[in-house]
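First the structure, in the form of structure tokens, and then the observations on it.
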Amino acid sequence: MAFETYEFSAFRESDLTTGGKSKFFVGNTIVVPTAPTLSIRVTDDDGALSGDNIVSESADDASGQTASILDASGNEIGNGGKIYGEVFFWVSDAEGNRYALVEIEQEGGGDDYFAFVTDYGLPKAGTALTVDTKVNIKNKTLIPEYSSLTADVPAPDPAPADEFEFTAFNEFDLLTVSGKKNLFVGDTIVLPELPTLLITVTDDEGNLSGDNLVNEQADDETFQTATVINMDGEEVGNGGQIFGEVYYWVKDSAGKRYRLVEIEQEGSKDDYFAFLTSHGVPAAGEELYVAAKRNIKDSKILVDYEDLTTGDPAEHLFPDLGDLIL
């Protein structure tokens with residue numbers, strides 16, 4: 001059979017270990033690197049990686065085989081000798097998925113190299129794996145093709161976007177008296193047929209802060225910006241941080257209570273309003289009596305962005321602005 005050259009990617013053992021360890025054992029946890037660190041180039045007259053069944057630490061491949069082991073810069077770190085499979089490990093992730101990880105050695109070399117067998121799937125980069133069992137390839141338990149060996153693992157799932165969206169009303173959308181600008185306890189409001197605003201918040205946490213530390217400034221000191229878009233797709237906010245100023249208890253004619261949060265944006269005079277879904281959302285057109293007002297400064301309320309909404313708008317309400325998260 002003619003000689004051919006096969007090439008596959010691999011890891012050093014230290015690439016997989018944690019806590020500065022140089023080796024891993026059954027029961028240990030390893031972490032899949034983001035990218036391979038080695039390339040193994042084999043010239044062979046067959047396409048499979050042998051074990052060391054005949055003579056320990058010597059490849060069974062007697063017909064001819066040489067291998068180069070190159071680092072990420074293309075430098076030779078091996079000795080040009082034959083490679084073989086010493087053992088393979090069954091490793092598993094937190095969901096119970098199992099993968100086969102082969103330990104590869106080179107005759108006369110002291111280092112161990114590792115590659116996954118694609119026949120058994122590939123974990124994603126960054127995945128923590130438990131080393132479940134170790135199987136000696138001397139027993140011919142595995143004869144992997146070179147083409148099935150790789151350290152080119154899939155990229156990890158993207159981190160969840162720290163972006164939250166909810167619909168809201170302007171304050172004047174709720175007022176029933178012509179020309180009135182502000183909402184007070186004792187007023188009657190009427191819920192509009194549809195939301196009039198879409199608020200999009202970029203934040204490193206999932207809740208709306210108050211303004212406890214400095215009046216009219218969000219307590220959120222780590223990172224937060226917000227856009228406020230009207231039904232025409234126009235930005236009516238200023239891009240600054242938003243915060244919860246107060247919340248109101250409002251009730252319908254049957255006495256059912258709802259919690260309505262007043263939201264402000266630093267540097268803006270406008271007030272926006274949304275209900276907490278955990279306390280229910282009244283139907284469009286509902287007449288509501290403003291029964292009480294509570295300053296968020298003085299309460300222990302912590303509002304999740306995902307708990308804010310004005311109801312379920314029609315899909316065409318905010319065209320070309322993407323899907324709404326209500």
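Scope of the values below: all heavy atoms of this structure, side chains included, with no hydrogens, waters or symmetry mates.
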Which is it for S9 and T150 under the side chain to side chain donor-acceptor pair (under 3.5 Å) test, yes or no, and what are the steps along the way? CA-CA 5 Å; S9 54; T150 190; 3.2 Å; yes
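- Using a 4.5 Å cut-off on side-chain heavy atoms (C-beta onward), V228 and Q265 make contact.
- No continuous path of ILVMFWY side-chain contacts below 4.5 Å connects F114 to L38, so the two sit in separate hydrophobic clusters.
- Summarising the geometry, atom OH belonging to Y248 is positioned 9.5 Å from atom CD1 belonging to I189; distances are rounded to the nearest 0.5 Å.
- A continuous path of ILVMFWY side-chain contacts below 4.5 Å connects V102 to I69, so both sit in one hydrophobic cluster.
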Can you check side chain to side chain contact (heavy atoms under 4.5 Å, CB included) on T17 and N28, steps first, answer last? CA-CA 9 Å; T17 57; N28 289 168; over 6 Å; no
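- Once rounded to the nearest 0.5 Å, the distance linking CD of Q65 with CG of D44 reads 5.0 Å.
- Summarising the geometry of D60 relative to I54, their closest heavy-atom pair is OD1-N, 3.0 Å, with the distance given to 0.1 Å.
- Sorted by first and then second residue, the pairs that involve residues 11-40 and meet salt bridge (charged side-chain N to carboxylate O under 4.0 Å, His left out), not counting sequence neighbours, are E13-K23, K23-D112.
- Rounding to the nearest 0.5 Å places CZ of F273 at 14.5 Å from OH of Y247.
- Residues L288 and L175 fall within the same hydrophobic cluster, defined by Ile, Leu, Val, Met, Phe, Trp and Tyr side chains chained together at heavy-atom separations under 4.5 Å.
- Taking the side chain as every heavy atom from C-beta outward, L101 and L16 approach each other to under 4.5 Å.
- A donor-acceptor contact shorter than 3.5 Å links the side chain of T118 to the backbone of S148.
- No side-chain heavy atom of I77 sits less than 4.5 Å from a side-chain heavy atom of D111.
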Could you check Y99 against T127 for side chain to side chain contact (heavy atoms under 4.5 Å, CB included), going step by step and ending with a plain yes or no? CA-CA 12 Å; Y99 309 95; T127 302; 5.7 Å; no
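- Between the side chain of D232 and the backbone N or O of E234, no donor-acceptor pair lies under 3.5 Å.
- Residues G240 and Q224 approach most closely at O-OE1, 4.2 Å, considering heavy atoms.
- Separating the CG atom in N136 from the CG atom in D52 is a distance of 7.0 Å, to the nearest 0.5 Å.
- Nearest heavy-atom pair across Q106 and G80 is NE2-N, 3.5 Å.
- Of all heavy-atom pairs spanning D219 and S209, the tightest one is N-OG, 3.2 Å.
- Proximity of V201 to F166: side-chain heavy atoms (C-beta onward) are separated by under 4.5 Å at one or more points.
- Using a 3.5 Å distance cut-off with no hydrogens or angles, the side chains of S22 and S14 do not pair a donor with an acceptor.
- Looking at L174 and P192, their side chains come closer than 4.5 Å, going by heavy atoms from C-beta outward.
- Judged by distance alone, with hydrogens and angles left aside, the side-chain atoms of E306 form no donor-acceptor pair with the main-chain N or O of G206 at under 3.5 Å.
- For the residue pair N238 and G267, the shortest heavy atom distance occurs at ND2-C, 3.6 Å.
- At least one donor-acceptor pair closer than 3.5 Å links the side chain of E76 to the backbone N or O of G78.
- Residues satisfying the ring pair (Phe, Tyr, Trp, His ring centres under 6.0 Å) criterion with Y258, sequence neighbours excluded, are absent altogether.
- Classified by interplanar angle (parallel below 30°, tilted 30° to 60°, perpendicular above 60°), the ring pair F8/Y146 is parallel.
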Could you walk me through whether T188 and E287 pass side chain to side chain donor-acceptor pair (under 3.5 Å), step by step? CA-CA 7 Å; T188 297; E287 188 173 274; 5.2 Å; no
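- In this structure a side-chain-to-backbone donor-acceptor pair under 3.5 Å is missing from K251 to A291.
- Closest approach of R259 and W249 over heavy atoms only: NH2-CZ2, 3.1 Å.
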Show, in sequence, the C-alpha distance, side-chain angles and deciding distance for L208 and Y305, and conclude whether the side chain to side chain contact (heavy atoms under 4.5 Å, CB included) test is met. CA-CA 6 Å; L208 178 71; Y305 295 121; 3.9 Å; yes
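- No hydrogens or angles considered: nothing links the side chains of Y84 and E107 as a donor-acceptor pair under 3.5 Å.
- Distance check: D220 CG to Q241 CD gives 5.5 Å after rounding to the nearest 0.5 Å.
- Crowding of K134 atom NZ: a count of heavy atoms from other residues, nucleotides or ligands under 6.0 Å not exceeding 12.
- Residues I30 and W90 fall into different hydrophobic clusters, defined by Ile, Leu, Val, Met, Phe, Trp and Tyr side chains chained together at heavy-atom separations under 4.5 Å.
- Hydrophobic clustering (ILVMFWY, side-chain heavy atoms < 4.5 Å, transitive): F164 and I296 are in one cluster.
- Within the 4.5 Å cutoff, the side chain of Q217 has no heavy atoms near those of the D211 side chain.
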Y120 and L142: CA distance, side-chain angles, deciding distance, side chain to side chain contact (heavy atoms under 4.5 Å, CB included) verdict: CA-CA 12 Å; Y120 300 95; L142 184 73; 4.2 Å; yes
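- Counting only N and O atoms by type, the side chains of T277 and D307 include a donor and acceptor under 3.5 Å apart.
- Contact check for V131 versus V91: side-chain heavy atoms found under the 4.5 Å cut-off.
- We find the CD1-CG distance between I263 and D270 to be 12.5 Å, quoted to the nearest 0.5 Å.
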Show your reasoning for whether side chain to side chain donor-acceptor pair (under 3.5 Å) applies to T196 and D173. CA-CA 8 Å; T196 54; D173 297 325; 2.5 Å; yes
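- T200 places none of its side-chain heavy atoms less than 4.5 Å from the side chain of I229.
- Judged purely by atom type and a 3.5 angstrom limit, D46 uses its side chain to pair as donor or acceptor with the backbone of A48.
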